[in-house]
Protein chains: 2
Amino acid sequence: MPQTSAPRKTLGRPPRISREEVVTTARRIVDAEGVHRLTMRRLATEIGSTPMALYHHVRNKEELLVLLLDDYAARTLHRPELPAQPRERVIAAAATIHEALAACPWIVEVLTADDLMATSALWFVEQIVDGLIECGLPSERAVHGYRAIWYYTAGEIVVRATAGRRRTDDTRPTYREQVFTDLDPTELPRLAQVADHWSSLTAEDTYVDGLRALVDGLLAPR
Amino acid sequence: MPQTSAPRKTLGRPPRISREEVVTTARRIVDAEGVHRLTMRRLATEIGSTPMALYHHVRNKEELLVLLLDDYAARTLHRPELPAQPRERVIAAAATIHEALAACPWIVEVLTADDLMATSALWFVEQIVDGLIECGLPSERAVHGYRAIWYYTAGEIVVRATAGRRRTDDTRPTYREQVFTDLDPTELPRLAQVADHWSSLTAEDTYVDGLRALVDGLLAPR
DNA sequence: ACCTGAACACCGTTCAAGT
DNA sequence: ACCTGAACACCGTTCAAGT
């Protein structure tokens, strides 16, 4: 009988850096200076190695970003007590995902670089689909409903992150502000009417209100 | 009396390229090869000039992208006949914007690089806000309603564009496919139940269905 | 006023070689 | 097996000078 469970004989030189170290260091850079400062070269220097060493631990930069998202979700997306009432469970599950994403502005780059399907987020997807089914939707409509909720949520994150990015580095009026001051009230009367309040209205966080409306609409008969 | 409307004496050498030519050439590159192939250097070569000449006509690359979006909206976003019934007008206006964006996959880069407020899109915003007000919403809630619709629409575009980008260059299973085959049916029963249909369900275009649900929910009493 | 050339300070990734 | 050095083929933008 050949010897079993012998430690696999590892040929060649032993690893000096690990995939985990790569991801952890990448996270530190992103948290401290933003995702745009994460480059393979910078990461290599930070880790005390060369750019090419990284490619033995991650396939390329895109994979690194996905790993980063997974890592972030696993650390911060904890399962809360959800309401028993199914409609409220849908709301709460979506709001929890939304909250985690909103606290993580660099996520937008990854959202648009891969579909968001971190393993740790699946439980929330389950809760949403299940809640919609319990409310009486057939399973296909529940999946479509989940998609609509995801579109709404991802859109809110992307639009807000973008608006936030603009504000920091520039004092001149944004394109939108310019557009609103140049508004022709005979052609666009409603917009002219609300122009003064537009900025403060859009600054309000109405994510959950919109979410409730969407879920109500999804669950309404017909 | 000093002479009026004399052509302003233009000192220095006459321009050889115009802002319009810059934008038009940029559009040609983007349409033909995608937004990731649009670089200042490439654009300069295409236009028969040097990178730095461009900076006399656009402030920087980001401004160029915004100009490109404006140009696209002005050319393709024509005002359709909208239904008289206000709720249907809201739906139709949002669906028209959505259609224009969906036909233009490079838009995602710009969506996440600046807020979308092309002048030619304002008329649609007006229609949506006005429709919601006519349906009985106070103007603040109408603005919030428009925001929710915009989140949903932008999210749909971003998520779909991303999913589409994945498929072209790679034959190995996506991360999502992997996740769904590895699903534990005791932990995530609903997802396991729909796992086989997930891909085809998400491939369906349910934008308008979700939009109707959202608008219904926004207009429902309470 | 407009355009050019050279330079600055970077990128992600491949390839061939070293240990 | 893992890591290194050098190179490839690029970026956006600034600066100083030319016409």
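Chain identifiers are assigned alphabetically (A, B, ...) following the order of the sequence lines, protein sequences preceding nucleic acid strands; residue numbering begins at 1 within each chain.
The nearest whole Å value for the distance from the CZ atom in R19(A) to the P atom in dC2(D) is 13 Å. As rounded to whole Å, 15 Å separates atom C1' of dC11(D) from atom CD1 of I29(B). Atom-to-atom, CD1 of I17(B) to P of dA1(C) comes out at 17 Å; the value is rounded to the nearest Å. Summarising the geometry, the separation between CG on L43(A) and C1' on dC10(C) is reported as 16 Å, rounded to the nearest angstrom. One atom, NE2 of H56(A), and another, P of dT4(D), lie 9 Å apart when rounded to the nearest Å. The CD1-C1' distance, from I47(B) to dC3(C), rounds to 13 Å in whole Å.
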Dot-bracket encoding of pairs in DNA chain C, which uses [ ] for pseudoknotted crossings and | for another strand, Watson-Crick or G-U under 3.5 angstrom: ||.|||||...|||||.||
Scan nucleotides 12-16 of chain C against the protein and return all N/O pairs shorter than 3.5 Å with their distances rounded to 0.1 Å.
unit_1, atom_1, unit_2, atom_2, d
dG12(C), OP1, M40(A), N, 3.4
dG12(C), OP1, K61(A), NZ, 3.2
dG12(C), OP2, M40(A), N, 3.0
dG12(C), N7, R41(A), NE, 3.0
dG12(C), N7, R41(A), NH2, 2.8
dG12(C), O6, R41(A), NH2, 2.2
dT13(C), OP2, Y55(A), OH, 2.6
dT13(C), OP2, K61(A), N, 3.3
dT13(C), O5', Y55(A), OH, 3.4
dT13(C), O4, R41(A), NH2, 3.4

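A search for salt bridge (charged side-chain N to carboxylate O under 4.0 Å, His left out) contacts involving R37(A) returns E33(A), not counting sequence neighbours. Listed by chain and residue number, L201(A), P138(B) satisfy the side-chain contact (heavy atoms from CB on, under 4.5 Å) test with E140(B) (two or more places apart in sequence, or in another chain). With sequence neighbours left out, the ring pair (Phe, Tyr, Trp, His ring centres under 6.0 Å) criterion links H57(A) to no other residue. For D209(B), the side-chain contact (heavy atoms from CB on, under 4.5 Å) partners two or more places apart in sequence, or in a different chain, are T206(B). Residues satisfying the salt bridge (charged side-chain N to carboxylate O under 4.0 Å, His left out) criterion with R41(B), sequence neighbours excluded, are absent altogether. Take E99(A) and apply the salt bridge (charged side-chain N to carboxylate O under 4.0 Å, His left out) test, not counting sequence neighbours, and it matches no residue. The salt bridge (charged side-chain N to carboxylate O under 4.0 Å, His left out) test applied to R19(A) returns no partner, not counting sequence neighbours.
Dashed line: the shortest gap from a side-chain N or O of H57(B) to OP1 or OP2 of dC3(C) is under 4.0 Å. Put simply, S49(B) has a side-chain N or O that comes within less than 4.0 Å of OP1 or OP2 on dT4(C).
Ion pairing between a basic and an acidic side chain is recognised when a charged N comes within 4.0 Å of a carboxylate O; R79(A) and E187(B) show such pairing.
Separation of the C1' atoms belonging to dC8(D) and dC11(C) is 12 Å when rounded to the nearest angstrom.
Counting only heavy atoms from C-beta outward, the side chains of L218(A) and L214(B) never approach each other to under 4.5 Å.
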